[in-house]
Amino acid sequence: MYKQCKTEKSAIRQRQFEYGLLELMGTRPYNEITVSDLCDHMQIPRKSFYRYFSSKDGALNALLDHTMMDFESFNVLYAKGSSRTLNKELSQFFLFWMERKNLLDALAKNNLCGYLVERTMSHISAGQLIPQRFHNEETHDARKQISLFCVSGLMSIVLTWHRDGFPHSPEHMATIAARLVSEPL
């Protein structure tokens, strides 16, 4: 696991370890990377690593969790001063992931794309990422089930879009995804 940072300075250092792991994952198989390799790559003592993480997997979990938190910030910045529509929301979703190509590349190279989906789903199941602005009339459990269904499908579309080299714009992908979630099957 990883520790919740109490200061901005420690949060920045923690993110540096996460990005260091991401850099290494781009050049070496994840299962061959050790904590020592990461610390050597960053020129930081091992004991510093353990201030933030219990293991290399903890650093990967933090990287994915913080990426999801980054989406919330990304989406809030976009939403200021504009009317929100399903297509705009989905365009932002696809743009966010297109801008995280290096993360998607590293996960794909290491056969960890399924882990990204799994980690996202666990956040929804824990109630951390359930949008309240949609389906206000639904119960919390119903919103959770709807969110799980939609996000698992959207993440699958993102991963396929990435694998194919992002052949379409985020706006085009949003149009396709909007049809999937708004029209009967």
Side-chain angles (χ1 to χ4, degrees), residues 1-81 84 89 92-134 140 143-144 147-148 150-152 154-155 158-159 162 170:
M1 290 308 335
Y2 61 94
K3 297 177 180 143
Q4 299 297 322
C5 296
K6 295 180 179 156
T7 67
E8 185 176 341
K9 183 179 177 182
S10 64
I12 290 169
R13 173 63 91 193
Q14 186 179 52
R15 290 304 292 260
Q16 288 172 336
F17 274 110
E18 295 166 28
Y19 295 137
L21 177 61
L22 179 58
E23 287 173 9
L24 284 177
M25 288 173 60
T27 61
R28 297 178 52 195
Y30 177 76
N31 62 356
E32 293 179 11
I33 298 169
T34 65
V35 170
S36 293
D37 294 334
L38 178 56
C39 292
D40 289 347
H41 173 72
M42 296 183 61
Q43 300 176 345
I44 296 173
R46 277 177 59 100
K47 69 180 183 175
S48 294
F49 176 87
Y50 290 108
R51 285 186 193 136
Y52 304 101
F53 311 101
S54 61
S55 66
K56 172 183 72 170
D57 291 342
L60 178 60
N61 290 339
L63 174 63
L64 297 179
D65 292 352
H66 289 135
T67 299
M68 286 181 251
M69 289 179 210
D70 290 345
F71 177 72
E72 282 302 311
S73 300
F74 180 86
N75 207 24
V76 167
L77 284 173
Y78 138 77
K80 290 185 178 182
R84 297 176 91 155
E89 293 274 338
Q92 287 305 110
F93 177 79
F94 285 104
L95 177 62
F96 176 83
W97 286 107
M98 180 182 254
E99 290 179 357
R100 295 324 169 277
K101 181 184 182 303
N102 61 338
L103 173 62
L104 296 175
D105 288 346
L107 292 172
K109 180 179 181 176
N110 288 281
N111 297 315
L112 292 170
C113 290
Y115 190 64
L116 171 64
V117 175
E118 180 183 314
R119 195 82 187 159
T120 305
M121 303 302 275
S122 71
H123 278 273
I124 291 170
S125 293
Q128 297 171 354
L129 294 176
I130 300 172
Q132 302 244 350
R133 65 183 171 269
F134 303 116
H140 177 78
R143 278 197 315 274
K144 179 172 115 177
S147 296
L148 286 167
C150 291
V151 169
S152 64
L154 286 171
M155 291 306 296
V158 164
L159 294 171
H162 166 261

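Position 1 is the first residue of the sequence, and the numbers go up from there.
- With hydrogens and angles ignored, the 3.5 Å screen pairs no side-chain donor or acceptor of D37 with any backbone N or O of I33.
- For the pair M98/L104, no side-chain contact is recorded, criterion being any heavy-atom separation below 4.5 Å from C-beta on.
- For the pair D70 and R15, the minimum side-chain heavy-atom distance is below 4.5 Å.
- Of all non-hydrogen atoms in F17 and C39, the two that sit nearest each other are CE2-SG, 4.3 Å.
- A heavy-atom distance below 4.5 Å is found between the side chains of Y30 and L21.
- Between Y50 and V35 the shortest side-chain heavy-atom distance falls below 4.5 Å.
- For the pair E18 and Y52, the minimum side-chain heavy-atom distance is 4.5 Å or more.
- No option in N102, L63, L112 other than L112 meets the side chain to side chain contact (heavy atoms under 4.5 Å, CB included) test with L107.
- By the 4.5 Å heavy-atom criterion applied to side chains, M121 and V117 are counted as neighbours.
- One finds the CG atom of D105 at 9.5 Å from the NZ atom of K109 (value rounded to the nearest 0.5 Å).
- Between G58 and Y2, the shortest heavy-atom distance links the atoms O-CD2, 3.6 Å.
- Taking the six-membered ring for Trp and thresholds of 30 and 60 degrees, F93 and W97 have ring planes more than 60 degrees apart, a perpendicular arrangement.
- Minimum heavy-atom separation, F53 to A62: CE2-CB, 3.7 Å.
- From N31, atom CG reaches atom CG of N111 across 9.5 Å, with rounding to the nearest 0.5 Å.
- With rounding to the nearest 0.5 angstrom, the OG atom of S10 is 10.5 Å from the CZ atom of R51.
- Of the N and O atoms on the side chains of Y115 and N110, not one donor lies less than 3.5 Å from an acceptor on the other residue.
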Does the pair L64 and L103 meet the rule for a side-chain contact (heavy atoms from CB on, under 4.5 Å), with working shown?
-> CA-CA 9 Å; L64 297 179; L103 173 62; 4.3 Å; yes
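- For the pair Q92/E89, no side-chain contact is recorded, criterion being any heavy-atom separation below 4.5 Å from C-beta on.
- In terms of heavy-atom proximity, H41 sits nearest to E23 at NE2-OE1, 2.6 Å.
- Smallest separation of non-hydrogen atoms from G26 and A106: N-CB, 4.3 Å.
- The distance from atom CZ of R100 to atom NE2 of H162, rounded to the nearest 0.5 Å, is 13.5 Å.
- Nearest heavy atom pair, residue S48 against residue I44, reads CB-CG2, 3.4 Å.
- Formation of a donor-acceptor pair under 3.5 Å by the Q14 side chain with backbone atoms of K3 is found in this model.
- Atom OG1 of T7 is separated from atom CZ of R13 by 11.0 Å, given to the nearest 0.5 angstrom.
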